[in-house]
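Numbered from 1 within each chain, the chains take letters A, B, ... in sequence-line order. Computed from a predicted structure; not experimentally measured.
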There are 2 protein chains.
Amino acid sequence: MKMMKDNLSDQTLCPIARAETVVGDRWTVLILRELFMGMHRFEEIQAQTEGTPQMIAARLKNLEAAGLVKRRAYSKRPLRYQYLLTEKGEAFHPVILALRAWGETWIKSPREARAVNYTHLICGKPAGLGPTCESCGRPLSRTNMVAEQSPKYRREREARAEAFKANR
Amino acid sequence: MKMMKDNLSDQTLCPIARAETVVGDRWTVLILRELFMGMHRFEEIQAQTEGTPQMIAARLKNLEAAGLVKRRAYSKRPLRYQYLLTEKGEAFHPVILALRAWGETWIKSPREARAVNYTHLICGKPAGLGPTCESCGRPLSRTNMVAEQSPKYRREREARAEAFKANR
DNA sequence: ACTTGTGCCTATGAATTTCATAGCAACATG
DNA sequence: CATGTTGCTATGAAATTCATAGGCACAAGT
């Protein structure tokens with residue numbers, strides 16, 4: 001696997017180019033989305049991203065090597081690992097949030113409802129799509145907001161989980 | 001060119017997945033970076049992203065089809081086009097900004113200096129890396145901040161432009 | 001008129017990556 | 001001791017990417 005562009009030529013001063021050598025990939029971003037949504041096991045991530053096991057395994061390995069993800073054994077005998085965000089991985093949250101806001105605003109889904117709504121824990125009201133809370137104006141961070149999936153989106157995810165189990 | 005995943009299966013409710021069908025690609029993001037930096041001509045974009053002409057041509061075509069970019073003739077006879085961001089493309093700016101902040105903070109370049117610094121036009125002071133101005137706390141947007149490239153970064157870009165001219 | 005240069009790509013073939021499908025190792029559970 | 005679960009790895013075929021070359025339409029110089 002020689003896919004990463006992390007060679008010397010990527011010692012560019014541009015932070016966007018540097019970031020893209022790590023996260024400039026659809027699968028990688030979808031994996032991060034799942035980790036932020038609280039999925040931690042390989043097959044959960046695979047089921048929701050709909051990637052092949054190699055795609056997921058390779059990306060998780062890259063993410064671990066790049067320091068965004070850490071593996072932790074949640075069971076020995078049988079030895080099983082779960083995937084968790086490191087501090088560096090958690091710090092990626094604003095990008096996911098910005099991507100979400102853009103997607104919700106500019107790439108309409110056929111059905112209407114917003115997939116996930118956040119409540120701002122400090123003011124207790126809806127946080128909206130921006131970087132600051134639309135209700136109280138204060139800056140949002142991962143720790144001061146709580147997510148709620150729309151019923152439709154929850155059903156979509158459940159359907160994927162079941163479809164995955166069905167053909168294995 | 002059958003690369004886009006914009007088939008029916010992407011009618012997911014997840015805005016991140018929908019966004020990634022358009023921008024989930026290293027070259028695409030680098031092209032958007034260049035457009036935000038004020039580059040508009042094909043060869044400028046090619047030189048700074050260091051992509052092959054097909055990569056750039058294909059991505060620009062996708063971006064145009066997705067409505068983020070519009071082509072405008074800046075000369076007829078000979079007919080020449082420049083590439084400009086649409087409103088939908090401009091709206092992607094927060095993602096670029098978040099990516100930049102993460103890259104500057106978490107993927108250190110060998111040399112120290114920050115590539116680009118922004119000044120907040122409203123308070124006249126440095127805007128910092130966050131979504132709100134680090135000096136005055138107000139939310140930042142593309143229209144209320146002005147960029148200044150560091151000397152080193154400017155030199156890096158000039159060197160790329162020259163290297164590109166040299167071997168053509 | 002004719003050579004050289006510019007801007008924006010397209011063509012070609014080899015190298016690499018991705019996808020679909022299958023399967024395996026290490027257990028747990030009945 | 002057969003079947004299920006979890007987390008992957010193996011194998012080729014299909015698609016994409018890369019490096020390299022070139023082409024087309026015109027402008028400018030000589």
Please report the C-alpha distance between A/E34 and A/T49 in whole Å, then the side-chain angles of each, then the deciding distance to 0.1 Å, and finally whether the side-chain hydrogen bond (donor to acceptor under 3.5 Å, both in side chains) criterion is met.
CA-CA 8 Å; A/E34 288 308 313; A/T49 56; over 6 Å; no
Check whether any side-chain heavy atom of A/F42 lies under 4.5 Å from a side-chain heavy atom of A/P53, and answer yes or no.
yes
Minimal non-hydrogen separation, B/L35 against B/Y83, with atom names:
CD2-O, 3.4 Å
5'-most contact on DNA chain C (nearest-nucleotide basis), A/K76 vs A/M55, goes to A/M55
Summarise protein proximity over nucleotides 25-30 of chain D in one line of letters, 5' to 3': B for base, S for sugar-phosphate only, - for none, counting protein heavy atoms closer than 4.0 Å.
BSS---
A/W27 side chain N/O closer than 4.0 Å to the phosphate oxygens (OP1, OP2) of C/dT17?
no
For a quick test of reading the model: is some side-chain N or O of A/R59 closer than 4.0 Å to OP1 or OP2 of C/dT18?
yes
Listed partners of A/Y153 passing side chain to side chain donor-acceptor pair (under 3.5 Å), at least two apart
A/R157
Given atom CD of A/Q82 and atom P of D/dG7, what is their separation to the nearest angstrom?
10 Å
Using a 4.5 Å cut-off on heavy atoms from C-beta on, say whether the side chain of B/Q48 contacts that of B/L30.
no
Are B/T119 and B/E148 linked by a side-chain donor-acceptor pair shorter than 3.5 Å?
no
Listed pairs, N/O of protein and of nucleotides 9-14 of chain C, under 3.5 Å:
from, atom 1, to, atom 2, distance (Å)
C/dC9, OP2, B/Y83, OH, 2.4
C/dA11, N6, B/Q54, NE2, 2.8
C/dT12, O4, B/Q54, NE2, 3.2

